[in-house]
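A short worksheet on the structure shown next.
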Amino acid sequence: MTTTSTVPVLIVGGGGAGLSASMILSTYGVESLLVSALPSTSILPKAHVLGQRTMEIFTEVGVADEIYQRGTPQENLVATGFYAGVQGQNPNAGREIGKLEIWGAGNRDPEYVDASPCPTTNLPQIRLEPILKAHADKLNPGGIRFNHEVIALEQTETGVRSTIRDRATGEEYQVHSQYVIAADGGRTVGKLVGITLEGERNILDMVSVHMSADLSDVLDDDSVLLRWLTNPDFGGTFTGGVLCPMGPDHWGTKSEEWVFHIGYPHGDPDTGDREKVVAHMKTMLGMPDLDAEIHAVSVWTMEGIVADRFRADRVFVVGDAAHKHPPTSGLGLNSAIHDAHNLCWKLAQVLAGQAGDGLLDTYEAERKPVILRNIANSVNCTQDRFRLDAALGVSLEKTPAQNWKSLEVIWDPSHPEYSERRDLVNNALAAQSREFHHHGLEFGFTYDSAAVVDDGTPAIEPIDAVRLYESSTKPGHPLPHAFVTRRGEIFPLQNLTHGGKFVLIAGEDGQAWVEAAAKIAESAGIALEAVTVGADDADLADVRFAWLRKRQITRDGAVLVRPDRFVGFRSAGAVADPQAVLTDAFDRILSTTDLGAQQ
């Protein structure tokens, strides 16, 4: 007998995107049910870098502290290094070619410190997902079901009817939901509703070897996270492998576990031979007798694909169900969590009767352009690797001896080409900053949609849209970071949005805006907090004057911030009727004209 239950939102998929969506909805007070066809969270290392905006979201849902505790210490998250392999016959084997600071340099880079209260961290998905699942379970007891798969889905006038099978018992049951979030990697739901993934496929096959091994005697420099082995014996960076620590108790050179990534041409039959892969890895490391316990050997295909649409009526795709990135830039998992954050506040508003259906259309309008930019950057980063190999003079077409002879020039000041080659290598390494300092992409991305009220000011021309985050309160930009104080407590201004709230931030003389916002909140039932913020005579004291420096409004102006901490409306100064102006802004952001038509 088939039983039927009802829930506002069904989440399909229990990876980073699905679990984040569950936690966010729970934090907003929205009931959901998550089902995953898999028996457990990931058993593979997968993605690991968690950027600042991702950690802000995890702070909001209350799981950030544990992630920081389990993740890579900041002192081991400072740089990436390029090396001539690890060990080998050549006396220069393992020698450093160059280093580059990564993602805030262990929270030492002033730009990153000024941008967010949350540093970047690093925690592989195999360790991250159990933390997310435990917290999602805590927030939504009984609402997280692994080993339950969606086998059919039908959209009706009132919602979505999904048929789910308990894979352990074979029992089938139905769930009727108003909306479905597909976070299943594109395996099931997207296909059922006709969403297809398009783009560049089969770029490269990557094999990841997860192992326990003691490498502390052969590696140095605990500040380095990722080690790119530009090994002349194997032709260069892509064919030399990447070595990444996995912890769990020690990091840097003393990590107990490691992942070694090897690139193969797509379809290479050797990728399916575990013994060959492990032997090849040991040869590449120059350690044929390495004592390693192999936990897993996984094969995955590098792709750059995006869904033709992010919405099919009441079904929305997020994360890998909507896009798959090349690993360069490390934006895949982060983008997935940003998808969930963008979508969930909008679903919460619609389910509460505060917004019209048009607000849900802005999910694709806002997220898809960001995803396309991220994928384009990942592809460019791949090309940067070839630039480095060219600067070093190494390639697959040369013999190992020829590659070594070319590489050794960069360590020989007496060589006539030394200065020129060092400059080429220096610039090739600097180009890698598109991957390791893409602050404009992973943190400073902006939105342009019907849920953003343009204030008519010129579009900001960034100095470098990829590498630099430049704060602004122009609508569509993320809320700039500033610490404020109230009654002796110091906290980030962005925390006012926690729990799915809008926030109206006015200047010191903007009390009329605050009063207008309070009236709107009371009459419309919108979760809205309104405050004045300033250096003096304000509800919140701008303790370090960061808000004063970044706000771009006068003492009687105001900024309206959406629950996802993006600016939805701005007035540089006072207006004659702030209540009417704010009412219009909310109507536009929340598509309330659609709401009237629906009712």
Side-chain angles (χ1 to χ4, degrees), residues 8-9 21 24-25 27-32 60 159 178-179 181 310-311 313-314 316 318 338-368 446-456 473-479 494 496-506 513-531 558-571 575 577-599:
V9 181
I24 294 165
L25 289 173
T27 303
Y28 293 171
V30 176
E31 184 184 0
S32 68
E60 179 180 0
Q178 290 178 257
Y179 298 99
I181 298 176
F310 284 20
R311 178 185 188 183
D313 297 324
R314 291 174 175 268
F316 300 84
V318 300
H338 303 164
D339 289 347
H341 199 223
N342 182 284
L343 175 61
C344 286
W345 80 264
K346 295 171 180 176
L347 286 173
Q349 293 293 325
V350 172
L351 288 166
Q354 302 292 349
D357 183 75
L359 177 62
L360 300 178
D361 285 331
T362 67
Y363 166 60
E364 177 178 330
E366 293 184 345
R367 291 301 302 157
K368 194 167 187 176
T446 60
Y447 293 145
D448 181 10
S449 76
V452 173
V453 182
D454 185 36
D455 65 353
T473 58
K474 180 176 173 60
H477 285 246
L479 173 69
Q494 63 179 247
L496 296 179
T497 65
H498 288 185
K501 290 183 295 183
F502 283 89
V503 176
L504 187 286
I505 305 169
W513 288 107
V514 173
E515 293 172 358
K519 292 177 182 176
I520 291 171
E522 183 177 1
S523 62
I526 296 172
L528 168 63
E529 183 163 355
V531 292
V559 171
L560 179 63
V561 185
R562 308 184 325 185
D564 61 348
R565 295 187 284 286
F566 280 76
V567 177
F569 162 84
R570 176 176 71 172
S571 177
V575 296
D577 190 344
Q579 186 170 345
V581 170
L582 276 180
T583 297
D584 178 68
F586 273 109
D587 286 344
R588 293 168 66 180
I589 292 169
L590 297 176
S591 296
T592 53
T593 52
D594 288 353
L595 184 61
Q598 291 164 212
Q599 294 173 339

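Throughout, numbering of the chain's residues begins at 1 and tracks the sequence.
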If every non-hydrogen atom of Val575 is compared with every non-hydrogen atom of Ser571, which pair is closest and at what distance? CG1-OG, 3.7 Å
Do Gln579 side-chain atoms and Ile520 backbone N/O form a donor-acceptor pair below 3.5 Å? no
With Arg588 via side chain to side chain contact (heavy atoms under 4.5 Å, CB included) - residues at least two apart: Val453, Asp584
Minimal non-hydrogen separation, Thr27 against Glu60, with atom names: CG2-O, 4.1 Å
Work out which heavy atom in Leu528 is nearest to a heavy atom in Ala521; give both atom names and the distance. CB-CB, 4.0 Å
Counting C-beta onward and ignoring hydrogens, is there a side-chain heavy-atom pair between Glu366 and Leu343 closer than 4.5 Å? no
Can you confirm if the NZ or CZ of Arg311 lies within 45° of the ring axis of Phe316 and under 6.0 Å from the centre of its six-membered ring? no
Kindly indicate, with the supporting measurements, whether the criterion side-chain contact (heavy atoms from CB on, under 4.5 Å) is fulfilled by Leu347 and Tyr28. CA-CA 10 Å; Leu347 286 173; Tyr28 293 171; over 6 Å; no
From the list Ile505, Val531, Val581, side chain to side chain contact (heavy atoms under 4.5 Å, CB included) partner of Trp513 resolves to Val581
Candidate list Leu351, Leu590, Thr362, test side chain to side chain contact (heavy atoms under 4.5 Å, CB included), partner Lys346, passing option: Thr362
Residues Ala530 and Ala517: closest non-hydrogen pair is CB-CB, 3.6 Å
Taking all atoms of both residues into account, what is the closest heavy-atom pair of Phe586 and Thr592, and its distance? O-CG2, 4.4 Å
Pair Arg562, Val452 - check side-chain contact (heavy atoms from CB on, under 4.5 Å), show working. CA-CA 9 Å; Arg562 308 184 325 185; Val452 173; 3.8 Å; yes
What is the distance from atom NE2 of His341 to atom CD1 of Ile24, rounded to the nearest 0.5 Å? 5.0 Å
Could you measure the distance from the NZ atom of Lys519 to the CG atom of Leu582? Nearest 0.5 Å is fine. 11.5 Å
Could you go step by step and tell me if Tyr363 and Lys368 meet the side-chain contact (heavy atoms from CB on, under 4.5 Å) rule? CA-CA 8 Å; Tyr363 166 60; Lys368 194 167 187 176; over 6 Å; no
Separation between SG of Cys344 and CD1 of Ile181, rounded to the nearest 0.5 Å: 4.0 Å
Side-chain donor/acceptor pairs under 3.5 Å, residues 497-504, sequence neighbours excluded:
residue	atom	partner	partner atom	Å
Thr497	OG1	Gln494	O	2.9
Thr497	OG1	Arg565	NH1	3.2
Lys501	NZ	Leu496	O	3.2
Lys501	NZ	Glu529	OE1	3.0

Tell me which one of Asp454, Thr473, Val561, Leu560 satisfies side chain to side chain contact (heavy atoms under 4.5 Å, CB included) with Arg570. Thr473
How close do Gln349 and Leu359 get, heavy atom to heavy atom, and via which atoms? CB-CD2, 4.0 Å
